[in-house]
Protein chains: 2
Amino acid sequence: MAKATATLVTDKAPRTERGKRTLQKLLDAAAAEFGERGYHEASIHGITHRAGAALGTFYTYFDSKEQVFRALVEHMGRLTRQSIADRVAHAPDRITAERMGIEAFIEFARAHKNLYRIVMEAQFVAEDAYRDYYRIFASAYRQGLTAAEGRGEISPGPAEERAWALIGISVFLGMRYGVWAEDKTPAEVAAAAGDLIAHGLSPRPARGGEGA
Amino acid sequence: MAKATATLVTDKAPRTERGKRTLQKLLDAAAAEFGERGYHEASIHGITHRAGAALGTFYTYFDSKEQVFRALVEHMGRLTRQSIADRVAHAPDRITAERMGIEAFIEFARAHKNLYRIVMEAQFVAEDAYRDYYRIFASAYRQGLTAAEGRGEISPGPAEERAWALIGISVFLGMRYGVWAEDKTPAEVAAAAGDLIAHGLSPRPARGGEGA
DNA sequence: ACTGAACTTGAATGTTGACTCAAGTTTCAG
DNA sequence: CTGAAACTTGAGTCAACATTCAAGTTCAGT
């Protein structure tokens with residue numbers, strides 16, 4: 001819990017410089033292998049090969065294939081939250097924060113397609129890790145919404161359902177415009193979604209002149 | 001394309017009553033096996049065992065494990081679309097249709113957790129089938145939004161991005177309140193989401209009396 | 001009844017890949 | 001320098017299936 005790469009709890013932690021380097025190479029290799037080939041297509045041989053290590057070395061640092069995978073899911077969770085939080089930190093208000101968050105999320109998905117895929121696939125490989133990932137996300141979101149409601153920045157409403165709905169928007173836009181195709185800029189997509197989140201679909205009363 | 005269960009194109013179609021029954025038992029068994037154990041944990045033996053058939057019988061009706069899986073994904077696509085479309089058909093306007101669609105989606109997810117999971121997992125087993133599933137959904141959604149915009153039922157805006165965002169909302173609410181836990185009624189969740197979709201998060205001007 | 005097509009059966013085949021381990025090499029504290 | 005702990009190596013073990021197939025059984029039309 002204290003150390004850098006974390007999640008490697010007990011007896012498998014490296015004790016020498018060489019060991020640390022090898023472990024890091026294996027983690028990077030695992031992220032690439034899982035990201036490119038998916039959990040089941042990925043092989044330990046593939047990981048150690050990418051890392052330039054022998055097959056057996058893998059088991060010096062990990063208990064099993066599933067364990068590295070879980071470690072990577074948690075790692076990515078931290079990374080994503082951090083990345084979004086940083087981008088949203090200076091938002092002037094919650095509505096703006098929503099738009100910025102979506103933009104950041106799409107950009108993050110583009111820049112880390114591998115890790116994005118790993119998280120998605122966790123749903124079927126390590127479901128508890130997957131649920132935790134989104135539960136933590138939803139919990140933070142809920143707090144943000146509640147605080148914003150207190151400040152009068154958003155209309156009152158159920159924070160829980162809103163949080164899950166908003167996460168769904170980000171995830172799907174991230175998938176469609178981040179991972180699948182880059183036919184629109186993140187800013188463009190975020191602007192459209194931001195408007196939807198701010199005002200909804202209801203027709204807005206015409207501004208300015210025309211009375212009727 | 002014409003027959004009932006479809007997707008079983010050429011030479012594997014059953015020719016007798018007994019054959020039809022066996023095929024149907026295998027399809028049901030496959031849906032259960034894949035739904036409960038996931039694609040990779042599922043085994044052909046598991047499927048034929050559930051169906052009360054011998055191992056080899058599977059290959060009388062299917063070419064491979066992946067092929068049944070794809071057949072099921074497409075089957076579920078049709079089922080989902082149908083189910084939502086039926087429910088939304090009589091909606092008085094688009095905004096109401098959105099709320100009803102979400103409610104229908106959550107209920108559908110609850111009633112068909114297995115099939116829901118199969119579609120999700122398709123992302124990693126048969127990605128093209130998965131993308132098609134959502135592309136068809138998005139395409140229909142886009143048309144619905146454009147038509148509603150023409151009728152003045154919703155504010156003008158980019159139908160494409162809106163469609164994906166709205167699908168994301170349904171999918172995530174379906175996952176959270178349909179599959180993961182049933183701690184809120186579909187109607188309740190749909191009401192909350194419907195309000196978000198209708199009016200967004202922006203604070204609404206106070207109604208009635210207080211002037212300032 | 002009869003017969004060929006349709007269907008069923010389950011043992012056998014072949015492959016794949018996670019994980020082990022005994023033998024070697026490198027590191028680093030003392 | 002030294003030796004024990006840390007680390008590396010890769011051939012070997014083992015179990016788990018997907019898929020095949022030859023032999024048997026049932027069906028449906030005549």
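Lettering follows sequence order; numbering is per chain, from 1.
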Applying salt bridge (charged side-chain N to carboxylate O under 4.0 Å, His left out), run through B:E107 and B:R87 and close with a yes or a no.
CA-CA 11 Å; B:E107 282 173 11; B:R87 283 285 290 273; 2.8 Å; yes
With a 3.5 Å distance limit and no angle check, can you tell me whether A:E33 reaches the backbone of A:A29 through a side-chain donor-acceptor pair?
no
Whole angstroms only, please: what is the CD-C1' distance between B:E66 and D:dC17?
16 Å
Kindly give the heavy-atom pair with the smallest separation between B:I169 and A:A165, and that separation in Å.
CG1-O, 3.6 Å
With a 6.0 Å cut-off on ring centres, are B:F108 and B:H112 close enough?
yes
Between A:A42 and A:R37, what is the shortest heavy-atom contact and its length?
N-CB, 4.0 Å
In terms of the angle between their ring planes, are B:F69 and B:Y39 parallel, tilted or perpendicular, with boundaries placed at 30° and 60°?
perpendicular
Can you tell me the distance, in whole Å, between the NZ atom of B:K20 and the C1' atom of D:dC27?
13 Å
Can you tell me how far P of C:dT9 sits from NE2 of B:H49, to the nearest Å?
13 Å
Determine, for A:F62 and A:K12, whether the Lys NZ or Arg CZ falls below 6.0 Å from the six-membered ring centre while staying within 45 degrees of the axis.
no
Rounding to an integer number of Å, can you tell me how far B:F69 CZ sits from D:dA18 C1'?
16 Å
In whole Å, what is the span from the CD atom of B:Q67 to the C1' atom of D:dA18?
14 Å
Going by atom types alone, do A:Y141 and A:E160 pair a side-chain donor with an acceptor below 3.5 Å?
no
Dump the pairs, protein N or O against N or O of nucleotides 26-30 of chain C, anything under 3.5 Å, distances to one decimal.
none

In whole angstroms, the gap separating P of D:dC21 from CZ of B:F58 amounts to 17 Å
Check for me whether the distance between the ring centres of A:Y134 and B:F172 falls short of 6.0 Å.
yes
Return the value, rounded to whole Å, for the distance between atom CG of A:L23 and atom C1' of D:dT8.
15 Å
Does OP1 or OP2 of C:dC7 have a side-chain N or O of B:T22 closer than 4.0 Å?
no
Nucleotides 10-18 of chain C: protein proximity per nucleotide (B base, S sugar-phosphate only, - neither; heavy atom, under 4.0 Å):
BB------S
